[in-house]
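Presented below is the structure to which this report refers.
Fair warning: this is a prediction, and the values are worked out from it, not measured in the lab. Only heavy atoms go into these numbers, but all of them, side chains included; no hydrogens, no water, no symmetry mates. Labels below follow one simple rule: chain letters A, B, ... track the order of the sequence lines, proteins then strands, and each chain is numbered from 1.
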Amino acid sequence: MSEDGTPEGLVSRDEIAQLAALFDRFEFAFDPRATATKEAESDFDNLVTKLFEERVRAEHPEVSFTTFYCRIKTHCRIYLRKNAP
Amino acid sequence: MKACLGFDELLGAGQPQIGEMERLGALETKPDQPDAAAAFSRQVRILEGILVQNYGVAATLARKADDLQEVAEIWSRMGLFCQAALQSLARLKEKHPHGAAPELYDLALDYKLACDKRHRGVLEEIACQKTELPKGLFPEMK
């Protein structure tokens, strides 16, 4: 449970925030060719893979990596909209 | 300020510049047009600016969009703009292999691939919405 009383998940709110920051740096980068863009995407992919392998695969074998990856991205979009600049 | 432009209008405003680049590219090889090479080179740079600017606008709009279908539409349209530029540049880079056209072709191709990747990605997200996930996987978003 977070400080404001909303339930946490296997993936925490802080982790979503961290992933959203990386997602922002590659998905909405003005220069898709920039090294920083590619590094952010690689870091994002590594973190999603780590979360899936360490927390999801064993506990929820019915969830595929593709589905998990897609849902993470959707959560990142929502997070970024709610915490825009 | 009340003046504003929709994304389609912005992309539409850039389209004639692709045609202008083709026109100037055709003039460049004519001996009676001594300034044509410089004009063509300037036009390639103008199109480069438009391409980069439009991509940035697409990225900004995609970030703000609250609907995944809208995001898919943005990247699809930006991809079509890149494709139009690529078709023209594919002809011009053969004709002017030592000018700015081959470089812009490579840039447009990378931007087109980036649009396609984002478009495919968001279509996957839309498809995944139909899959029900176990409760407790993600935090509840207030």
Side-chain angles (χ1 to χ4, degrees), chain A residues 1-20 23-34 37-38 41 44-45 48 51-52 55-57 59-85, chain B residues 48-72 74-75 78-79 82 103-142:
Chain A
M1 196 76 79
S2 68
E3 283 175 11
D4 65 2
T6 48
E8 285 283 1
L10 273 184
V11 180
S12 72
R13 205 166 275 103
D14 284 350
E15 285 162 339
I16 292 290
Q18 188 186 353
L19 286 161
F23 185 68
D24 196 20
R25 277 165 44 199
F26 73 86
E27 181 76 3
F28 308 118
F30 275 32
D31 183 0
R33 313 206 292 181
T37 305
K38 290 171 183 168
E41 184 167 18
F44 177 88
D45 288 351
V48 176
L51 289 169
F52 182 78
R55 309 232 192 110
V56 181
R57 190 196 282 276
E59 200 156 331
H60 297 291
E62 74 280 14
V63 177
S64 72
F65 177 76
T66 303
T67 302
F68 181 69
Y69 187 85
C70 283
R71 284 299 177 89
I72 287 275
K73 289 205 302 181
T74 305
H75 271 77
C76 288
R77 289 183 198 278
I78 295 166
Y79 180 91
L80 290 171
R81 272 204 313 277
K82 287 183 175 174
N83 298 276
Chain B
E48 180 181 345
I50 290 169
L51 186 69
V52 171
Q53 175 73 20
N54 284 354
Y55 185 91
V57 171
T60 304
L61 291 172
R63 191 183 191 276
K64 289 168 76 172
D66 54 8
D67 174 53
L68 291 176
Q69 290 289 358
E70 193 184 342
V71 176
I74 289 165
W75 289 121
M78 186 62 216
C82 293
E103 200 181 310
L104 183 56
Y105 178 88
D106 289 346
L107 179 87
L109 183 58
D110 283 343
Y111 275 55
K112 165 81 170 108
L113 292 173
C115 292
D116 289 351
K117 185 177 177 181
R118 281 153 184 73
H119 184 240
R120 271 196 315 275
V122 77
L123 291 181
E124 268 188 5
E125 278 181 70
I126 291 167
C128 282
Q129 301 289 313
K130 293 168 191 149
T131 307
E132 201 163 317
L133 288 181
K135 280 203 167 78
L137 198 55
F138 294 109
E140 283 182 19
M141 303 287 255
K142 269 192 131 178

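- Closest non-hydrogen pair, B/Tyr111 versus A/Arg33, comes out as CE1-CG, 4.4 Å.
- Considering only heavy atoms from C-beta on, B/Val71 stays 4.5 Å or farther from A/Glu27 through its side chain.
- Taking chain B as the reference chain and counting heavy-atom pairs below 4.5 Å, the highest number among A/Ser64, A/Cys70, A/Ala29 is found for A/Cys70.
- The stretch residues 56-70 of chain B participates, sequence neighbours left out, in these side-chain hydrogen bond (donor to acceptor under 3.5 Å, both in side chains) pairs: A/Asp24-B/Arg63.
- A salt bridge does not link B/Glu124 with A/Lys73: every distance from a Lys NZ or Arg NE/NH1/NH2 to an Asp or Glu carboxylate oxygen is 4.0 Å or more.
- The main-chain N or O of B/Cys128 is found under 3.5 Å from a side-chain atom of A/Arg71 such that the two form a donor-acceptor pair.
- Taking chain B as the reference chain and counting heavy-atom pairs below 4.5 Å, the highest number among A/Phe23, A/Phe30, A/Tyr69 is found for A/Phe30.
- B/Ala127 does not touch chain A: none of its heavy atoms, backbone or side chain, sits under 4.5 Å away.
- Dense packing is recorded around CD of B/Gln129, with more than 12 heavy atoms of other residues, nucleotides or ligands lying under 6.0 Å away.
- With a 4.5 angstrom heavy-atom cutoff, B/Gln53 does not touch chain A via any of its atoms.
- With contacts defined as side-chain heavy-atom distances shorter than 4.5 Å, the pair A/Ile72/B/Phe138 qualifies.
- Crowding of A/Arg81 atom CZ: a count of heavy atoms from other residues, nucleotides or ligands under 6.0 Å exceeding 12.
- When all heavy atoms of B/Ala62 and A/Phe28 are compared, the pair lying nearest together is C-CE2, 3.7 Å.
- Looking at A/Glu62, the atoms closer than 4.5 Å to chain B (heavy atoms on both sides) all sit in the side chain, from C-beta outward.
- Residues B/Pro134 and A/Val63 approach most closely at CD-CG2, 3.6 Å, considering heavy atoms.
- If you measure heavy-atom distances from B/Ile126 to chain A, you find no contacts under 4.5 Å at all.
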Run B/Leu137 and A/His75 through side-chain contact (heavy atoms from CB on, under 4.5 Å) and show every step you take. CA-CA 12 Å; B/Leu137 198 55; A/His75 271 77; over 6 Å; no
